[in-house]
Amino acid sequence: MQALAPTPQQVAPAGRTLDVDNLTVRYGSAVAVDGVSLAIEPGEVVALLGPSGCGKTTLLRVIAGFVRQAGGRVLVDGAGIDHLPANQRNVGIVFQNYALFPHMTVAENVAHGLRARGQRGAAVGQRVERMLAMVQLGAFRERLPRQLSGGQQQRVALARALAVEPSILLLDEPFAALDRNLRLDMQIEVKRLQRQLGLTTILVTHDQDEAMSVADRIAVMNKGKVEQFDTPVAIYDRPQTLFVNGFIGTTNLLPGKVMAVMSDTATVALQAGATLRLPAPQGIAAGSSVILSVRPEQLVLSPVATAESWPIEPGLSLPLGPQLVLEARATCGTALKIVEPRRRIPTEVQRRFCALAPDARPSLFPRSTPSATE
Amino acid sequence: MSVASDLIDRPREEGRLRLAEWQLALPLSLAFAALFLAPLLLLGATSFFNDEKITQPGFASWTKFFGDPFNYKVILDTLLLGLKTVCATVVIGYPVALVYIDLPARLQKVLIFIIVMPMLLSVVVRTFAWIVVLGREGVVNQLLLWLGVISEPLRLLQTELGLVISLTQIEMPLMLLPLISVMSRLDPNLRDASAALGASRWRTLFTVIVPLSMPGLVAGCLLVFASSTTAFISQTVIGGVRLIYLPLVIWQQSLVVYNWPLAAVASLSLVVSVLSVIAALSYLGRRSSRHLHG
Ligand SMILES: Nc1ncnc2c1ncn2[C@@H]1O[C@H](COP(=O)(O)OP(=O)(O)OP(=O)(O)O)[C@@H](O)[C@H]1O
Ligand SMILES: [Mg+2]
């Protein structure tokens, strides 16, 4: 990597803004993308995270110009690009299956975009060499794609996309086919290249850890809609909807009822048998049914009963690295997962009650969030 | 089980598998030998007789056939007819295949049906249909006259042009089916990838789609060439007696003149000349698509 001397156009990266404005895509009568808006800063990496079929690939295909939207706009640096065909958008894309040209060598694959832009002669060769050096594949220039490993193919696809200096980079689950170690290497690699070139990037992924580690911001999608678009920390700690809450990390869901709302504080009686005073989100009224969501590491065990703790029946405990994962059941039947540091292995007596940790940031959701109905 | 014994066992198993596969192919090989190779040998033997009664062995039939410059012209015309038909089916068939891969699945089924339908009709029927279309009072002439493109009917029957037109239609399924089967297996992302890199549609067509569809194109060309050079019925019914191709010569010598040795020489000439063009075509095709099979 250190072999790459920065060239003038790489030193001063001029990232572009990418705005997706109320975008809707239909396949026949089915809505694949439903009013999605994203404002992406120059040089930012945004991860699109969501379950299969939620419209992530479709969104990328619209930005790249392969699919026409039914409504909404795509803007780069504030200018609409919807009227441009795919070959004039200068958007680099790496497909999940890489889509390398099987009849061309590695070098020819990388040169394809340069030739398409009218470059000829030695300049093409030099640029290809530089791109291959960047992804450390110089020795493989004469190989055909099928003579490469998955990770090598992925790097060729990246070199091919970056060779033409795109203004936007789209990555559609680029790491899905790689094994764990290679995936970590490639994540670091892509992040490094993206930083160096100052490329505004959208990364589609199924993998929340990947989204958390690579992205500056995450857009969590569900059924064609963006449920939340925020930093990884905010998505984890302050999920806006029950769907995001359940999709990111693991969580405990405790049903309860709002007894009273006083200014910003709600008094909630949990079915498990405790009464808690919690910060109330908007739209919560006294008497309504709610669900309290608490991360496993934000629950603590205690040997004594208080008004704010509830009795549990401890189940299996699994040592998991430095942590101990304890499964338990509340009296109302709700299954609970509690994570404790391994140092403090609780004894049997200490496992009788459960409460929120002092620094816990639980979330309160109305009982029927639209996204939780199915 | 140790690694060493694994290594020893594996080749033996592969050998066994290969033997089993070979045995599976045996019945078909025997049928080929009996129905294809034996008649060919018989044909070869027949050609080395001098007289029509097949009594005196000799090379007279060969020297007679190849001593006549007219026969060279017939061979050349036959091969040219095949090449022209191949060109016409490629020029018309390739765009159809391109359209096919872009159609929604429902319309693809309709198109496939339209392509295959002619194959469900006898060649004789299709050939006579072309007489109706191409004749002096036929659809083509009527239309051109009505449009004012021509002032008197064109002669299309009994011309090579008319024959190539009808053979193009008759042989089209043989071009389209292999072409479509190869093209619809292409990863659609390849075209998008090429476009995203800035390539125009034409550049993508010639640098990505055409090279990758080469196996289908070559297979189609071979089938159309072999089929059109030997299409006796269409050649004689539409070409008439004035256009002479090898199959007609063979028919005349074997069933009109009853000179079987000469008919055998003509048949072997047809087989050899068609096979050599096919061998050349498939060599070129393999070279251009070596990357696909390694
Ligand atoms: N060409 C198409 N024709 C019709 N429907 C399509 C087409 N492509 C996608 N869809 C539908 O649009 C929806 C969104 O698909 P998309 O490929 O964007 O999902 P995704 O989020 O990328 O899923 P995955 O994580 O499985 O790749 C799905 O319901 C899918 O069935
Ligand atoms: Mg997808």
Side-chain angles (χ1 to χ4, degrees), chain A residues 27-28 57 60-67 84-106 108-119 131 142-147 156-172, chain B residues 94 97-99 101-110 178-179 181-221 282-294:
Chain A
Y27 288 116
T57 298
L60 288 201
R61 295 180 68 81
V62 173
I63 296 170
F66 308 144
V67 175
L84 294 174
N87 61 346
Q88 288 169 27
R89 290 197 177 188
N90 202 23
V91 168
I93 183 163
V94 174
F95 293 88
Q96 180 174 354
N97 65 356
Y98 313 138
L100 296 176
F101 305 122
H103 58 303
M104 298 183 194
T105 63
V106 166
E108 286 167 348
N109 263 283
V110 178
H112 185 79
L114 300 171
R115 298 233 166 83
R117 279 151 205 249
Q119 296 186 30
M131 297 317 293
E142 293 309 322
R143 297 249 191 123
L144 290 172
R146 64 181 159 73
Q147 296 167 323
V156 175
L158 196 62
R160 181 178 72 173
L162 293 178
V164 294
E165 300 178 0
S167 50
I168 306 284
L169 182 63
L170 307 176
L171 304 166
D172 193 355
Chain B
Y94 203 87
L98 282 177
V99 168
I101 53 173
D102 277 341
L103 286 179
R106 204 161 36 83
L107 291 179
Q108 280 185 341
K109 284 201 193 105
V110 174
L179 203 51
S181 103
V182 168
M183 295 226 308
S184 48
R185 263 181 284 138
L186 290 184
D187 177 2
N189 283 346
L190 292 178
R191 280 195 291 173
D192 289 341
S194 180
L197 290 168
S200 65
R201 280 163 174 272
W202 288 106
R203 172 174 281 274
T204 301
L205 177 65
F206 287 113
T207 58
V208 177
I209 299 177
V210 168
L212 288 175
S213 60
M214 226 37 192
L217 192 62
V218 169
C221 289
S282 58
Y283 171 74
L284 288 177
R286 251 205 318 281
R287 254 182 44 145
S288 66
S289 58
R290 204 170 19 194
H291 54 274
L292 296 176
H293 326 289

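None of these values were measured; they are calculated from a predicted model. Note on naming: letters A, B, ... go to the chains in the order of the sequence lines (proteins, then strands), and numbering restarts at 1 for each one.
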Contact check, side chains of [X] and [Y], non-hydrogen atoms, under 4.5 Å:
X        : Y        : result
A:Pro102 : B:Leu212 : yes
A:Val156 : A:Tyr98  : no
B:Val208 : B:Arg191 : no

Under the side chain to side chain contact (heavy atoms under 4.5 Å, CB included) test, residues paired with B:Val218 that sit two or more places apart: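 B:Leu222.
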Under the side chain to side chain contact (heavy atoms under 4.5 Å, CB included) test, which residues partner A:Arg117, sequence neighbours left out?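 If we apply the side chain to side chain contact (heavy atoms under 4.5 Å, CB included) test to A:Arg117, skipping adjacent residues, the hits are A:Asn90, A:Val164.
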I need the contact set between residues 182-190 of chain B and chain A: heavy-atom distance under 4.5 Å, sorted by residue number.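 B:Asp187, B:Asn189, B:Leu190, listed by number.
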With a 4.5 Å heavy-atom cut-off (strictly below), which parts of residues 192-199 of chain B touch chain A? List them by number.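 Counting heavy atoms that sit under 4.5 Å from chain A, the residues of residues 192-199 of chain B involved are B:Asp192, B:Ala193, B:Ser194, B:Ala195, B:Ala196, B:Leu197, B:Gly198, B:Ala199.
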What distance separates A:Met104 CE from A:Arg160 CZ, expressed to the nearest 0.5 Å?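 Atom-to-atom, A:Met104:CE and A:Arg160:CZ are 8.5 Å apart.
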Answer yes or no: is there a donor N or O on one side and an acceptor on the other, between the side chain of A:Gln147 and the main chain of A:Leu144, under 3.5 Å?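 Present.
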When you look at OH of A:Tyr27, are more than 12 heavy atoms from neighbouring residues, nucleotides or ligands closer to it than 6.0 Å?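 Atom OH in A:Tyr27 is crowded, with more than 12 foreign heavy atoms closer than 6.0 Å.
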Sort [X] into side chain, backbone, both or neither according to what part of it lies under 4.5 angstrom from a heavy atom of chain B.
X        : answer
A:Ala161 : backbone
A:Arg61  : side chain
A:Leu170 : neither

Where does the angle between the aromatic ring planes of A:His112 and A:Phe101 fall among parallel (under 30°), tilted (30 to 60°) and perpendicular (over 60°)?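 It falls in the tilted class, 30° to 60°.
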Lys/Arg cation over aromatic B:Phe206: B:Arg201, 6.0 Å, 45° cone: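 Because its charged atom misses either the 6.0 Å distance or the 45° angle limit, B:Arg201 does not stack over B:Phe206.
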Do A:Asp172 and A:Thr57 have a side chain donor and acceptor closer than 3.5 Å?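 Judged by distance alone, the side chains do pair up.
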